[in-house]
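Note that the coordinates shown come from a computational prediction; the quantities given were computed from them, not determined experimentally. Every chain is numbered from 1, with letters handed out A, B, ... down the list of sequences.
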Amino acid sequence: MDWLNLIVIPVVRSLVLIFVLLTGFAYLTWYERKLLARFHVRYGPNRAGPKGLLQPVADAVKALFKEEIIPGHVDKVVYLLAPALALAPALLIWAVIPLGKDFPAVADVPIGFLWILAVAGIESYGVILAGWSSNNNYSLLGALRSSAQMISYELPLGLFLISILLLAGDFSLVNLAEAPRQWWEWIWLWIMFPLFFICVLAETNRSPFDLPETENELIAGFQTEYGGIKFALFFMAEYINMITTSAIMATLFFGGYALPFGIGSEILPWLGPFILFGKVVVLLFLFIWVRASIGRPRYDQLMHFSWKTLLPISLAYMVITALLTVFLKA
Amino acid sequence: MGLEEKLPEGILTTQLETLVNWSRENSTWPLLFGLACCAIEMIATGSARHDISRYGSELFRASPRQADLMIVSGRVSNKMAPVIKRLHDQMSEPKWVIAMGICASAGGPFNNYAIVQGVDKIIPVDVYVPGCPPRPESLLYALDRLRAKQGKETFRTYVDFKAPPLSKQPDEISSLESLRRPQLA
């Protein structure tokens, strides 16, 4: 039954995963709107269904039934390709994220870590091509900002990831989640977490680093010419990226699908996905909390912060981690 | 908008219409712009006390491609008229317009050479809101009226819809001078 293991089971699991992710995206928008409302002492959406729970359905159906406009001045093929290119990598990353002890990743490869970095590199193409093909000044400026921002913040992010790899000595995400760490390793990792989170905010174009789509300067940035369901695809890519990065952070910093001190790992192994889900929800709360609290920096401030602050810190962090690994672990 | 207009009316399309109308009622995203003092009241409508997000309308989109509703909040000057018209043209169907305040509805106190006497001279308006400026409650009530209107729409509305001839074509908008009301003697 080789074909069963090789084709049918991965396909079914991918489909289930994609379904869960797309539903997760829909309800993440609800979660964000409701949370933002609570932060502003408002009610938030409450007309569509109980507690506004059908709000994502209304948004999706409306977007599907909007008129499809393809402006005359765009590069048609690239214009239509860009939203798909933005969404696909966001879903692809999930191939390697372990969901639980009994639910390994769809592709449980030993180099899961490199896969994440590689696919994250492709992600910016969707945005850049959208900006370029729209043939619109605002779109192009938004895309340029986005690419510059992603390159600038990928450096410290990569250096922080290298530090985590140095500590763990392994590329596999399962081992990263399960490897027993000493107490000083946890503390050393958590010291880095806020900085890592800042890099992730910039990578996912989330507020306060949503400079590619600042309304007051660039209308809607790279997605200015996109409406209806094409715009919804960009929206989807951004929010699924949030979920993905939250899952990666949960795996790297908070033990992924395992409870602390190994509680219940033997008794309830099927609990893994739910624990991961819980951690992801908490981290998503963090994303939205930051959005509700902090205003945008200027673009030059953003760049300066990356190159003059984060990069030196991450380099120093990497060197210290290497020394710690050599002297304390070996 | 597309294929659904070609369908004959029947149970299937009626059910679909109900769903689509419901979704449009609950997800009307306004275009992010303000023209005058009414805009301040529009902003207040989005703020915590009045909370337009209860209707799912707090996503003010800056790009007309993503917006469903145009709230003309304030007087439209002759200089602004071509911009408004163009933004309205760039919005994708289905789209709605609320003329907020007496200036946008009929020119208000400004019966002079500079102000378009009602935005319905250049774009079709769905709901007029009286007031100078209207309170946020008025705008919310207008949104409620708009939702009632959206709920009654059918796919065939757009097929059979013949827009009333505009008094001026958008290309001739430089000659908007002629739109103003005759001066009182």
>> If we ignore hydrogens and angles and just use 3.5 Å, is the side chain of A:Lys66 paired with the main-chain N or O of B:Ala67 as donor and acceptor?
In response: yes
>> Any heavy-atom pair between the side chains of B:Gln90 and A:Pro71 that's under 4.5 Å?
In response: no
>> Heavy-atom count check: over 12 atoms from other residues, nucleotides or ligands less than 6.0 Å from A:Tyr125 OH?
In response: no
>> Do B:Arg147 and A:Arg47 have side chains that approach each other closer than 4.5 Å (heavy atoms only, starting at C-beta)?
In response: yes
> Can a cation-pi geometry be assigned to A:Lys62 and B:Trp29, taking NZ or CZ under 6.0 Å from the six-membered ring centre and within 45° of the ring axis?
Replying inline: yes
> Does the ring of A:Tyr43 carry B:Arg54 above it, NZ/CZ under 6.0 angstrom from centre and within 45° of its axis?
Replying inline: no
> Which atoms form the tightest heavy-atom contact between B:Arg24 and A:Phe65, and what is the distance?
Replying inline: NH2-O, 3.1 Å
> Taking every heavy-atom pair that is under 4.5 Å apart, which of A:Gln223, A:Glu225, A:His40 has the most such pairs with chain B?
Replying inline: A:Glu225
> Minimum heavy-atom separation for A:Gly227 to B:Gln66, with atom names?
Replying inline: CA-CG, 4.2 Å
>> If I measure from the heavy atoms of chain A, does B:Asn21 come under 4.5 Å with its side chain, its backbone, both, or neither?
In response: neither
> Looking at B:Ser63 and A:Ala220, what are the two nearest heavy atoms and their distance?
Replying inline: CB-CB, 4.0 Å
> So, do B:Arg65 and A:Ile69 sit near enough that their side-chain heavy atoms are less than 4.5 Å apart?
Replying inline: yes
>> Check this for me: A:Asp75, atom CG, are more than 12 non-hydrogen atoms of other residues, nucleotides or ligands nearer than 6.0 Å?
In response: yes
> Judged by modelled atom types alone, do B:Ser53 and A:Arg33 share a side-chain donor-acceptor pair under 3.5 Å?
Replying inline: no
>> Quick check: closest heavy atoms across B:Asp51 and A:Gly44, and the distance to 0.1 Å?
In response: OD2-N, 3.2 Å
>> With a sphere of 6.0 Å drawn around CH2 of B:Trp22, does it hold more than 12 non-hydrogen atoms of other residues, nucleotides or ligands?
In response: yes
